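Take a look at the structure below.
Counting from 1, the numbers follow the sequence of the chain as shown. These numbers come from a predicted model, not from an experiment.
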Amino acid sequence: MKRTKINNLLKLENTPGDVLIKGWVRTKRDSKEFSFMEINDGSALKNIQVIANSNLDNYSDIEKITTGTSVSIMGKLVESPGKGQKWELQAKNIDIINIAPESYPLQKKRHSDEFLRTIAHLRPRTNKYGAAFRIRSEMAFAIHKFYKEKGFRYLTAPLITGSDAEGAGEMFRVTNLDPKRVKKQGEMNFDQDFFGQESNLTVSGQLSAEMFALALGDVYTFGPTFRAENSNTSRHAAEFWMLEPEMAFCDLNGNMDHGEELVKYLTQHAMDECSDDMALFSNFVDKSLKKRIDTILNSEFERISYTEAIDILQKSKKKFEFKVDFGTDLQSEHERYLAEDYFKKPVFLTNYPKTIKPFYMRMNDDDKTVAAVDLLVPGIGELIGGSQREERLSVLDKRMDEMNLPKKDYWWYLDSRKFGSVPHSGFGLGFERFLMLITGISNIRDVIPFPRTPGSIDF
Ligand code: 4AD
Ligand code: MG
């Protein structure tokens with residue numbers, strides 16, 4: 001008999017008679033004549049209740065079944081007299097695949113997130129983490145669906161790179177030089193390294209995406225990115241996933257329109273396709289989640305300039321740890337104040353001072369600000385960072401000189417501004433931050449299967 005997944009069983013209108021399920025025992029209780037088990041196979045949040053009659057051949061073994069044990073059960077699917085469940089399974093045969101001993105750590109109903117991080121290999125077997133990672137999977141699919149529907153092409157940007165996309169450090173080095181030999185020689189000789197030069201793990205697929213946008217029109221990359229910055233916060237990971245659309249013939253306004261449409265589409269998709277899992281988060285994890293999601297779906301996102309934001313922050317009565325002035329980078333306390341307290345909805349901030357932004361952002365006529373855009377959202381702060389790109393070769397050239405960038409390393413990037421350059425724009429959306437936004441999970445470590453953060457790579 002073929003196995004049926006529990007999410008499919010639960011959706012059945014009529015009983016097919018006998019079915020075969022496989023999964024893990026969540027709870028078990030015994031009465032005189034019966035044993036009741038809740039089985040979960042990860043396909044859905046909900047369990048199915050199984051009733052084992054004491055007249056089953058191997059009942060003495062069945063009595064020994066513990067929480068966490070894996071089982072294969074054939075039985076008759078019948079309407080359940082119990083509340084809150086349509087179906088239950090009257091077992092005809094129960095095979096024990098593997099008994100979980102008492103040391104199985106998930107005995108209690110509730111464990112702290114901190115504890116569950118120490119058993120990241122088992123936490124997806126809990127309701128909360130099962131739900132989180134089903135949503136994560138569904139959202140990755142939704143991204144591809146959105147872009148397929150919009151006619152974008154998917155680009156897989158390289159993960160090993162010879163350039164630093166931001167013109168700033170904090171990258172993970174890639175090398176096959178033997179550290180022991182390097183130590184003896186006293187220095188790293190990159191000529192002898194694998195690529196004959198320094199190379200790193202990518203911090204962003206943007207520069208590759210730009211090249212492809214200038215050929216295929218609208219493209220996106222979606223993949224892992226790596227940052228060695230030592231920021232041990234609840235919103236930073238050393239390895240995270242970024243979605244990066246890049247659009248030819250698109251200006252800053254078009255870029256914001258696209259970002260707003262994207263965030264709304266993905267949120268709606270989560271509500272439509274993950275309703276049970278999403279309900280867990282609004283009922284048990286974040287009481288303000290419903291309202292926040294409603295705001296995302298139904299409000300028009302605010303759009304203001306960085307300069308206006310500074311003005312609002314300076315006039316605010318709120319005490320910030322860091323003072324702001326034109327030219328300072330906003331801290332997350334400022335970003336959250338703007339989105340959460342002041343506008344109470346997502347807000348795009350545009351036209352940042354050039355001094356705090358990378359070389360590729362388009363220079364504005366004031367020669368002081370660039371056509372940058374960040375999207376700040378309640379509960380998180382920065383969700384999206386992007387810009388209109390500098391498409392004018394002479395301006396780009398001047399800016400790279402100003403910033404002392406090694407132009408010879410970027411010859412191909414400069415080439416794109418020589419041969420049929422066009423206005424274009426794009427941004428990066430932090431996938432984990434988006435998942436935090438729609439689930440209310442407050443630590444990035446809890447939306448990544450096996451998180452990598454400073455000082456921590458246990459799994
Ligand atoms: O603002 P960022 O650094 O922008 C870029 O990398 C651009 N090259 C993107 C582009 O224009 N194509 O990063 C984009 C987003 C941030 O807004 C944030 O959501 C997320 O990536 N992000 C991180 N998420 C988790 N951990 C980190 N350490 C992150 N750093 C950035
Ligand atoms: Mg940013």
Side-chain angles (χ1 to χ4, degrees), residues 163-171 200 203-204 206-207 210 225 227-231 233 235-236 242 244 246 251-253 255-256 259 302-316 320-339 342 347-376 381-410 413-414 417 423-430:
S163 66
D164 173 349
E166 304 290 323
E170 326 269 34
M171 302 177 90
N200 298 292
V203 294
S204 158
Q206 177 193 326
L207 303 191
E210 281 190 57
T225 46
R227 299 196 182 179
E229 59 200 339
N230 193 11
S231 27
T233 79
R235 275 163 290 100
H236 289 87
M242 214 198 300
E244 296 181 276
E246 192 69 33
D251 65 10
L252 194 64
N253 280 321
N255 209 13
M256 287 188 274
E302 193 67 38
R303 300 180 184 196
I304 61 161
S305 71
Y306 166 92
T307 310
E308 288 169 276
I310 294 291
D311 194 47
I312 292 170
L313 291 166
Q314 284 176 338
K315 286 187 180 142
S316 129
F320 295 112
E321 193 185 331
F322 297 92
K323 261 188 67 183
V324 284
D325 251 319
F326 186 91
T328 47
D329 219 349
L330 297 188
Q331 301 291 327
S332 111
E333 56 172 347
H334 308 126
E335 297 175 338
R336 292 186 58 173
Y337 172 78
L338 290 167
Y342 194 84
V347 47
F348 285 108
L349 252 55
T350 57
N351 301 321
Y352 284 68
K354 66 174 181 181
T355 47
I356 55 170
K357 288 293 180 188
F359 73 95
Y360 53 72
M361 295 192 176
R362 193 176 196 278
M363 188 64 63
N364 288 326
D365 292 342
D366 61 13
D367 210 34
K368 262 174 41 190
T369 60
V370 288
V373 60
D374 277 8
L375 176 64
L376 316 179
E382 180 188 337
L383 173 67
I384 280 178
S387 70
Q388 183 168 342
R389 319 306 188 187
E390 184 55 77
E391 86 283 13
R392 299 160 297 185
L393 181 62
S394 59
V395 184
L396 185 64
D397 216 59
K398 194 172 144 232
R399 181 106 167 96
M400 290 180 85
D401 284 338
E402 251 174 45
M403 296 179 75
N404 280 323
L405 288 173
K407 277 197 291 201
K408 65 172 183 4
D409 294 351
Y410 291 91
Y413 191 77
L414 290 160
R417 272 61 174 174
H424 61 286
S425 298
F427 60 77
L429 173 142

Give, for atom CD of Q388 and atom CD of E390, the distance between the pair rounded to the nearest 0.5 Å. 8.5 Å

Taken to the nearest 0.5 Å, the spacing of M242 CE from R227 CZ works out to 4.5 Å

Of the non-hydrogen atoms in A372 and S387, which two are nearest, and what is the gap between them? CA-CB, 3.8 Å

Check ion pair D397-K407 (N to O, under 4.0 angstrom): yes

Thinking salt bridges, do E210 and R417 make one under a 4.0 Å N-O criterion? yes

Side chains of L252 and R362 in contact at under 4.5 Å (non-hydrogen atoms): no

E333 side chain to F322 backbone, donor-acceptor under 3.5 Å: yes

Taking C-beta and beyond as the side chain, do E302 and L338 meet within less than 4.5 Å on heavy atoms? no

If we ignore angles and hydrogens, is there a donor and acceptor under 3.5 Å between the side chains of N230 and E170? no

OG (S316) and OH (Y342) are apart, to the nearest 0.5 Å, by 9.5 Å

Classify the side-chain pair N351/S305 by whether it contains a donor and acceptor separated by less than 3.5 Å. no

The reported gap from CD in E244 to OG1 in T225 (rounded to nearest 0.5 angstrom) is 7.0 Å

Does a side chain donor of either Y360 or Q206 reach within less than 3.5 Å of an acceptor in the other side chain? yes

Could you tell me whether the side chain of R399 and the main chain of M363 form a donor-acceptor pair under 3.5 Å? no

E391/R389 ion pair, N-O < 4.0 Å: no

Test side chain to side chain contact (heavy atoms under 4.5 Å, CB included) on L383 and L429; report intermediate values, then the result. CA-CA 6 Å; L383 173 67; L429 173 142; 4.2 Å; yes

Can you tell me how far apart CZ (F326) and CD1 (I356) are? Round to the nearest 0.5 Å. 8.0 Å

Between the side chain of S231 and the main-chain N/O of T233, is any donor-acceptor distance below 3.5 Å? no

Taking N364 for the side chain and D366 for the main chain, is one N or O donor matched with an acceptor at less than 3.5 Å? no

Is any side-chain heavy atom of L349 closer than 4.5 Å to a side-chain heavy atom of I304? yes

Would you call the rings of Y413 and F359 parallel, tilted or perpendicular if under 30° counts as parallel and over 60° as perpendicular? perpendicular

Return the minimal non-hydrogen interatomic distance between V324 and Q314, and the atom names on each side. O-NE2, 3.1 Å

Just checking H334 against F320, ring centres under 6.0 Å apart? yes

All heavy atoms of R235 vs all of S332, minimum pair found to be NH2-OG, 3.2 Å

I want to check something: taking the side chain as every heavy atom from C-beta on, are E335 and V347 in contact at a cut-off of under 4.5 Å? no

Quick one: CD on E382 to CG on D374, what's the gap to the nearest 0.5 Å? 4.0 Å

If I compare all heavy atoms of G426 with all of E246, which pair ends up nearest, and what's the gap? CA-OE1, 3.5 Å

Can you check whether M171 reaches V203 side chain to side chain, under 4.5 Å on heavy atoms? yes

Applying side chain to side chain contact (heavy atoms under 4.5 Å, CB included), run through H236 and E229 and close with a yes or a no. CA-CA 9 Å; H236 289 87; E229 59 200 339; 3.7 Å; yes

Any T369 side-chain heavy atom under 4.5 Å of T350 side chain: no

Does the structure place the NZ or CZ of K357 under 6.0 Å from the centre of the six-membered ring of Y306, at an angle of no more than 45° from the ring's axis? no

